[in-house]
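To start, the structure itself, in structure tokens.
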Amino acid sequence: MARLAQTAGLTDVQQEILSTVRDFVDKEIIPVATELEHRDEYPQAIVDGLKELGLFGLMIPEEYGGLGESLLTYALCVEEIARGWMSVSGIINTHFIVAYMLKQHGTQEQKDHFLPRMAAGDIRGAFSMSEPALGSDVSAITSKAVKDGDEYVLNGQKMWLTNGGTSSLVAVLVRSDEGHPEDTAPHKSMTTFLVEKEPGFGEVRPGLTVPGKIDKMGYKGVDTTELIMDGLRIPADRVLGGVTGRGFYQMMDGVEVGRVNVAARGCGVAQRAFELGVRYAQHRHTFGKAIAQHQAIQFKLAEMATKVEAAHAMMVNAARKKDSGERNDLEAGMAKYLASEYCKEVVEDAFRIHGGYGFSKEYEIERLYREAPMLLIGEGTAEIQKMIIGRRLLEEYRFQG
């Protein structure tokens with residue numbers, strides 16, 4: 001086996017795309033990732049390169065200028081990119097989720113207006129659900145939209161926007177009680193608005209402020225921000241799908257495919273951690289031989305490689321299930337849960353193999369050690385995934401009597 005996490009049954013086109021992305025990662029991302037990450041610098045040259053490769057339109061239909069590829073192809077590309085630097089995969093992921101939501105739920109006018117420019121990478125997407133006072137409980141959203149003639153006025157504060165500063169289109173989930181009875185369930189009175197803005201920080205359009213980047217332990221380079229809406233006026237034709245009250249379902253559909261993406265990121269980071277660990281183990285000598293020859297290290301490498309393979313297989317299965325048109329929330333939840341947990345464990349084992357050098361910023365594993373924890377939280381915590389998995393299992397295994 002030349003390398004871990006091979007995928008059977010790929011077409012020639014898929015293999016060619018992956019080979020191109022892998023070469024780009026090896027030549028353009030890995031050599032500069034750690035330096036850019038330590039400076040918390042946005043990887044503009046890398047993003048420009050991905051734009052030239054057409055990756056911003058990978059899953060956007062050909063009629064809108066995209067490549068029209070499958071979720072599996074996209075996930076495998078993300079796996080490769082995350083192997084180079086996870087932050088770059090985050091830049092693409094939020095863009096992809098917004099494009100997916102537009103493709104699945106947008107009006108024809110919205111698709112025609114946004115998707116061609118998103119496919120070209122001229123419009124970069126971000127999406128926003130979370131708020132300062134809520135995490136996994138999306139139904140507790142307090143940001144609100146009020147109808148005013150042919151417009152809606154949005155007020156509230158959103159949190160944890162990946163690409164919040166660099167994006168020019170944000171899909172924002174808010175409450176919209178207009179037209180819904182007072183006793184309507186919270187998730188049935190939410191609406192997704194397509195908010196266009198100027199890239200950057202400060203007041204990016206009247207009534208909309210992006211204060212600045214949030215300083216993070218890891219996942220640097222990509223900008224993570226707040227979003228403050230204070231009298232933000234949005235035309236009614238920028239309600240995703242043209243109808244209020246459907247925002248929760250639209251967002252959950254986007255997050256479901258996003259979970260496959262996070263699983264792919266976990267696979268990519270775990271692969272890189274294994275590569276670093278197995279290489280260091282063959283170069284570092286103790287007691288007269290390479291530490292790779294010590295049984296304790298071989299046991300670690302065996303466990304790490306097995307976890308990489310298992311996570312990759314579950315991620316591929318979840319992507320293929322979605323591509324087939326079947327419901328995949330069970331498979332996506334399992335893949336995201338397993339891949340993020342295994343990623344953390346593989347990275348920690350690689351860190352241990354490096355010994356004291358793993359604590360040095362000169363070694364790449366130090367960066368991975370700070371990046372892996374984000375995957376335990378993004379697109380739903382492990383606890384949320386287990387709730388989803390448990391409920392779906394009870395649906396599938398419903399016994400009478």
Not counting sequence neighbours, list each pair that qualifies as a salt bridge (Lys or Arg N to Asp or Glu O under 4.0 Å) and has a residue in [range].
range: residues 328-349; value: Lys300-Asp349, Lys307-Glu345, Lys321-Glu331, Arg327-Asp329, Asp329-Arg392, Glu348-Arg352
range: residues 102-115; value: Glu109-Arg238
range: residues 5-21; value: none

Ionic contact status for Arg39 with Glu35, cut-off 4.0 Å: yes
Could you tell me whether Glu366 and Arg370 have a side-chain N and a carboxylate O separated by less than 4.0 Å? yes
Mind checking side chain to side chain contact (heavy atoms under 4.5 Å, CB included) for Ile297 and listing every partner two or more places apart, or none if nothing turns up? Ala281, Ile291, His294, Leu301, Ile353
How would you list, by chain and number, every residue that makes a side chain to side chain contact (heavy atoms under 4.5 Å, CB included) with Thr94, sequence neighbours excluded? Phe127, Thr162, Asn163
Donor-acceptor pairs under 3.5 Å, side chain of residues 48-65 to any protein atom, not counting sequence neighbours: which ones?
| unit_1 | atom_1 | unit_2 | atom_2 | d |
| --- | --- | --- | --- | --- |
| Asp48 | OD1 | Gln44 | NE2 | 2.9 |
| Lys51 | NZ | Asp122 | OD1 | 3.0 |
| Tyr64 | OH | Gln108 | NE2 | 2.9 |

Who passes ring-ring contact (aromatic ring centres under 6.0 Å, His included) against [X], sequence neighbours left out?
X: Tyr42; result: none
X: Tyr337; result: none
X: Tyr74; result: Phe96
X: Tyr280; result: His354

Quick one: list whatever passes salt bridge (charged side-chain N to carboxylate O under 4.0 Å, His left out) with Asp215, sequence neighbours left out. Lys220
Does any N or O in the side chain of Lys158 come within less than 3.5 Å of the main-chain N or O of Ile228, such that one atom is a donor and the other an acceptor? no
From the list Val195, Val153, Val174, side chain to side chain contact (heavy atoms under 4.5 Å, CB included) with Leu232 holds only for Val195
Apply side-chain hydrogen bond (donor to acceptor under 3.5 Å, both in side chains) to Asn328 and list each qualifying residue two or more places apart in sequence or on a separate chain. none
